[in-house]
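These notes are about the structure you will find just below.
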Amino acid sequence: MSEALSKRFDARPVESKWYGRWRERGLFGADPADPREMFSMVIPPPNVTGTLHLGHALNNTLQDVLSRHQRLEGKNVLWLPGTDHAGIATQVVVERQLAKEGKTRHDLGREAFVDRVWEWKAQSGARIIEQLQALGASCDWERERFTMDPGLSRAVREAFVRLYHEGLIYRGESLVNWCPRCTTVLSDLESPYQPVAGHLWTLRYPFVDGEGGIEVATTRPETMLGDTAVAVHPEDDRYREFVGRHVRLPLLGREIPIVADDFVDPEYGSGAVKVTPGHDPNDFECGRRHGLAAINLLHPDGRLNGNAGPYEDLSAMDARERVLVDLEAEGALIGSEPHPHEVPHCDRCSTVVEPLLSDQWFMRMKPLAEPALAAVREGRTTFHPKSWENTFFHWLENIRDWTLSRQLWWGHRIPAWKCGGCGDWTVATEDPEHCHTCGSAELEQEEDVLDTWFSSGLWPFSTLGWPDDTPELARYYPTSVLSTGFDIIFFWVARMMMLGLHFMDDVPFRDVYIHPLIRDAEGKKMSKSKGNVIDPLELMSSHGTDALRFTLMRLTAQGRDIKLGEGQLSTGRTFVTKLWNAARFALMNLEGHRPAGGGKGSLYDRWITTRLDAALSEYRRSIEGFRFNDASQGLYQFVWGELCDWYIELSKETLHGDDADARAATQDTLVSVLSGSLLMLHPIMPFITEEIFAALPVDEDRTLLELRFAELGERWPRLTERLDADEAREMEVFTEIVGRVRQVRGELGLAPQAGIRVRFPSELEAMVGRHEAGLRSLLRADEWVFSDEPPPETAAVVQAAGHAIAVELDDPAFLHDEVKRLEKRLKTVEKDLAFVAKKLANPKFVERAKPDVVEAEREKHEGLDEEAAAMTGRLERLRSLLG
RNA sequence: AGGCACGUAGCUCAGUGGGAGAGCACCACCUUGACACGGUGGGGGUCGGCGGUUCAAUCCCGCCCGUGCCUACCA
């Protein structure tokens with residue numbers, strides 16, 4: 001069904017039309033019963049209430065390219081989509097909404113608040129899905145999952161309960177990162193360090209028995225209220241005799257011991273350190289070693305509690321000022337100096353995180369980390385680029401227990417019930433009626449929810465139906481590829497590895513592709529606060545989705561971030577236009593054509609067909625190696641640099657000529673090469689390729705997405721012949737001649753439309769005879785002769801592929817330009833010649849370099865030598881001619 | 001402090017043990033029947049610096065300089 005294409009490509013209607021058709025035909029759906037080799041991926045679930053940003057656009061384009069590519073390879077493909085409930089992030093958004101109404105979540109109560117979040121999810125949760133669809137994502141939408149679906153919630157409970165009974169989850173008291181604003185515990189990963197302009201204060205604690213005292217330094221003087229010791233290094237001679245003595249804590253008057261502990265760095269500060277086990281991770285460990293009390297000074301909201309004595313109810317910051325004033329008054333404040341340092345802040349709200357002593361649920365990580373490390377070391381899972389494996393190893397080798405509980409309301413409530421009778425915990429998948437220890441019915445469920453990453457960690461198998469034995473799980477686990485950003489290798493990738501290996505006894509994915517980070521044109525990270533965020537949806541509507549996708553693929557090289565500016569964006573847009581116009585050319589020249597196929601075709605027909613084969617295999621290799629930039633660059637080069645620049649130009653004479661058979665073969669070639677190009681381009685530019693393919697006179701009811709690379713030689717009019725070695729060489733000679741003669745035209749300033757007369761050596765007569773059409777369309781040569789006589793003086797002569805080709809110049813005015821041209825060329829040839837000669841004069845080179853390299857240099861020398869001699873001769877004659 | 005990247009044309013970036021490429025920008029000519037989001041030609045680079053290995057280094061090794069990122073309990 002051939003039809004004309006509009007003069008300009010209008011992306012928007014084409015995009016929605018084809019996305020609709022693919023879905024109507026169910027082309028995204030995966031069937032576990034389909035026996036073909038499988039390829040599966042789970043999407044990194046975006047925040048359910050989020051919106052599409054460029055990182056999503058990039059990552060999901062990559063995954064879509066992989067999905068569509070593997071479909072064309074003939075595989076049974078599952079790309080499973082879904083969204084994440086994103087505990088803190090989502091709760092913070094809804095709390096802000098409430099704040100505008102002057103309410104807090106406590107005003108509503110837990111149940112009403114959670115209902116409110118569900119409402120917000122229902123209202124905004126579809127948005128990011130629609131945006132992914134606008135991008136063209138070919139996910140199996142029938143299998144869309146949400147981390148708080150009943151099925152996935154069941155998986156969370158099952159996993160928690162099993163890990164608990166295996167002793168890998170425990171409840172205990174520990175020092176955790178606490179956000180006083182969110183009033184929840186945070187993992188280390190959620191508490192990034194940020195620089196603050198602090199001070200280092202030096203305090204003096206007097207000995208209880210006798211004169212003198214000991215000096216300690218601190219950045220948080222208010223924590224001295226919780227000090228229970230002073231520590232010095234056991235080898236430090238300055239303090240050795242003080243160990244075991246006591247000092248009196250200023251302000252509170254508490255007597256605390258001086259202990260020896262080798263965590264103290266004698267080089268730093270005074271070499272003595274105050275120990276606050278309740279509010280510092282190091283001190284907590286030190287306190288444990290020495291049996292020191294850990295005093296908690298904080299209320300959950302960050303104000304000081306009764307342990308702070310007179311400072312009760314002050315905020316930490318207010319308390320710091322008051323404590324400093326009082327220490328000064330007491331003579332205990334010795335010094336103060338500016339001290340910029342790094343302090344953990346809440347990832348979500350940037351409040352300073354306080355170390356807080358509390359009871360939490362933890363996961364033991366060491367036993368889970370070992371198998372994950374082994375899996376990557378043994379290559380059962382491979383990272384691309386491989387260098388990211390170092391990051392993965394480093395974190396897992398130094399892993400600490402994971403604080404699982406969060407004091408939030410939005411999330412999976414921990415399936416643990418505390419007995420009001422005996423105080424024991426009952427942990428179960430089904431809500432229990434009685435305590436498993438004492439049988440009491442006085443049970444209260446844990447208030448806390450699980451860290452969001454707990455459910456994300458189960459994603460590759462919970463989405464496939466785990467803990468049930470489903471056909472999907474059997475068929476699609478382990479998944480083939482996970483594509484994600486480097487920033488969640490710890491948060492997510494490592495945890496999926498650990499939990500996948502633990503519950504499924506196999507890795508969750510074979511390959512992990514770590515995509516680049518997209519930065520702005522200046523190379524700065526995009527962020528809302530900086531205001532440098534580029535909205536992918538705007539780019540999709542202004543440039544077209546295919547253009548954006550192509551641009552992103554062009555920029556996706558391994559191991560480097562992407563700087564995205566306006567200059568980069570035009571690449572995709574111009575390429576889309578070029579492809580569109582090439583297709584228009586083909587369709588305009590296919591009037592009344594009935595595809596026949598099977599013919600031998602012209603030399604050019606066979607050449608472009610051979611080039612298409614090469615382009616296809618190179619493209620497939622690139623995609624298999626996650627080299628998306630190479631894949632897209634190769635396609636660009638083939639379509640623009642070979643199909644458009646050479647083949648289409650060469651076909652014009654034939655298409656407009658009288659030879660009906662030749663025309664039919666060229667028409668067949670146009671259709672088949674264009675179809676093949678569209679097939680290769682389809683994964684990257686799905687919309688425009690379908691639109692063009694549908695317009696081609698091809699007897700095919702299916703969309704490109706339903707086709708396979710293997711069918712390329714079968715389905716469409718297809719030339720069966722390829723170039724042989726002699727013909728391939730001839731094409732090289734021909735293109736070199738065209739290039740050299742064009743160069744002369746340009747350098748002599750001959751008008752592009754002016755015809756030229758060319759003189760070839762007679763040995764090229766047969767070859768040139770086969771390229772009349774090409775010489776006419778590419779060189780605008782309108783006359784040529786064959787002669788072995790020296791070329792006339794009024795001619796520009798070039799060496800091309802070892803032959804002297806003369807362009808006859810009617811106007812003597814060009815001779816001056818020709819002299820200049822020859823002088824310039826001769827200079828470079830002589831330079832090259834000198835270099836090669838020097839090389840060959842080196843006996844060590846001739847002796848030790850590989851023979852084929854030496855041989856190549858000798859041939860090169862010979863050619864350059866001849867060329868230089870010919871040019872020198874021409875120059876002399878021209879100079880004498882001009883006087 | 002430790003680790004990992006990166007440094008190639010004016011800009012953004014590919015790349016390889018045998019005199020370095022693309023896109024954009026630039027210059028000249030061209031509104032030729034697919035395409036001016038185009039065509040043809042051209043200019044432009046001591047491949048960060050210094051050493052080493054090699055017949056040969058932009059590429060491999062070491063050191064240094066610069067930039068970025070990650071990790072870490074320096075009070």
Side-chain angles (χ1 to χ4, degrees), chain A residues 5 7-9 193 200-201 216-220 223 231 263-265 267-276 280-286 339 341-342 355 385 387-388 390-391 394-395 398 486-487 489-490 517 519 521 523 525 543 547 554-555 557 559-589 627 629-630 633 636-637 641 644-645 648-649 652 656 739 742-753 777-780 831-832 835-836 839 842-850 852-854 856-857:
Chain A
L5 297 176
K7 190 147 167 62
R8 296 182 75 89
F9 174 59
Y193 281 79
L200 188 64
W201 287 276
V216 296
T218 181
T219 54
R220 295 190 301 155
T223 63
F263 93 98
V264 179
D265 177 2
E267 306 293 316
Y268 190 89
S270 63
V273 57
K274 60 194 269 314
V275 180
T276 323
D280 183 283
N282 274 324
D283 295 2
F284 181 76
E285 295 300 325
C286 174
H339 181 71
H341 61 138
E342 306 255 309
S387 54
W388 288 111
N390 292 329
T391 304
H394 184 260
W395 190 66
N398 298 289
F486 71 87
D487 50 334
I489 290 176
F490 309 140
L517 180 73
R519 301 169 173 280
K525 215 165 166 172
H543 297 257
R554 264 309 312 278
L555 299 172
R560 191 195 277 263
D561 291 348
I562 295 175
K563 275 191 224 178
L564 192 68
E566 202 45 47
Q568 280 72 261
L569 285 163
S570 62
T571 313
R573 205 183 58 234
T574 57
F575 185 56
V576 161
T577 306
K578 188 72 178 178
L579 178 66
W580 185 251
N581 283 309
R584 287 182 62 227
F585 170 83
L587 286 165
M588 283 175 187
N589 287 284
R627 288 178 288 110
N629 59 327
D630 286 349
Q633 170 63 20
Y636 183 98
Q637 168 54 29
C644 292
D645 288 350
I648 284 182
E649 292 308 320
K652 283 178 179 172
H656 300 153
R742 275 175 168 175
Q743 202 172 25
V744 169
R745 290 195 76 116
E747 287 176 337
L748 295 183
L750 300 173
Q753 69 277 18
S777 32
L778 294 179
L779 286 182
R780 296 227 133 221
K831 213 175 114 198
D832 286 357
F835 184 81
V836 177
K839 222 175 191 181
N842 180 356
K844 282 185 180 168
F845 170 73
V846 180
E847 197 180 306
R848 298 194 198 176
K850 279 174 270 172
D852 54 318
V853 172
V854 178
E857 291 296 318

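First the proteins, then the strands, lettered A, B, ... as listed; each starts at 1. Everything quoted here is computed from the prediction, not taken from an experiment.
- Look at A:Q743 and you'll find a side-chain N or O under 4.0 angstrom from OP1 or OP2 of B:G42.
- Nucleotides B:U58 and B:G51 have their P atoms positioned 13 Å apart, rounded to a whole Å.
- For the OP1/OP2 pair of B:C35 and a distance below 4.0 Å, the side-chain nitrogens and oxygens of A:K7 include at least one atom meeting the criterion.
- An OP1 or OP2 oxygen of B:G17 is reached within less than 4.0 angstrom by no side-chain nitrogen or oxygen of A:K850.
- Annotation: B:C35 and B:G18 have their P atoms spaced 43 Å apart (nearest Å).
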Table of protein N/O atoms under 3.5 Å from nucleotides 5-15 of chain B N/O atoms:
residue	atom	partner	partner atom	Å
B:C6	O3'	A:R560	NH2	3.2
B:G7	OP1	A:R560	NH2	3.1
B:C13	OP2	A:K563	NZ	3.4
B:C13	O3'	A:R560	NE	3.1
B:A14	OP1	A:R560	NE	2.8
B:A14	OP2	A:R560	NE	2.4
B:A14	OP2	A:R560	NH2	2.7

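- Contact of A:E857 with B:A56 (side chain to base): no donor-acceptor pair of N or O atoms is detected under 3.5 Å.
- On the C1' atoms, B:C47 is 35 Å away from B:C30, given to the nearest whole Å.
- Atom name C1', nucleotides B:G41 and B:G49: the rounded distance is 37 Å, in whole Å.
- For B:C64 and B:U40, the C1' atoms lie 47 Å apart once the distance is rounded to whole Å.
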_If a pair means Watson-Crick or G-U wobble with both distances below 3.5 Å, what does RNA chain B look like in dot-bracket form, with | marking bases paired to a different strand?_
(((((((..((((....[..)))).(((((.......))))).....(((((..]....))))))))))))....

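- Across all strands, A:R573 comes closer than 4.0 Å to base atoms (heavy-atom distances).
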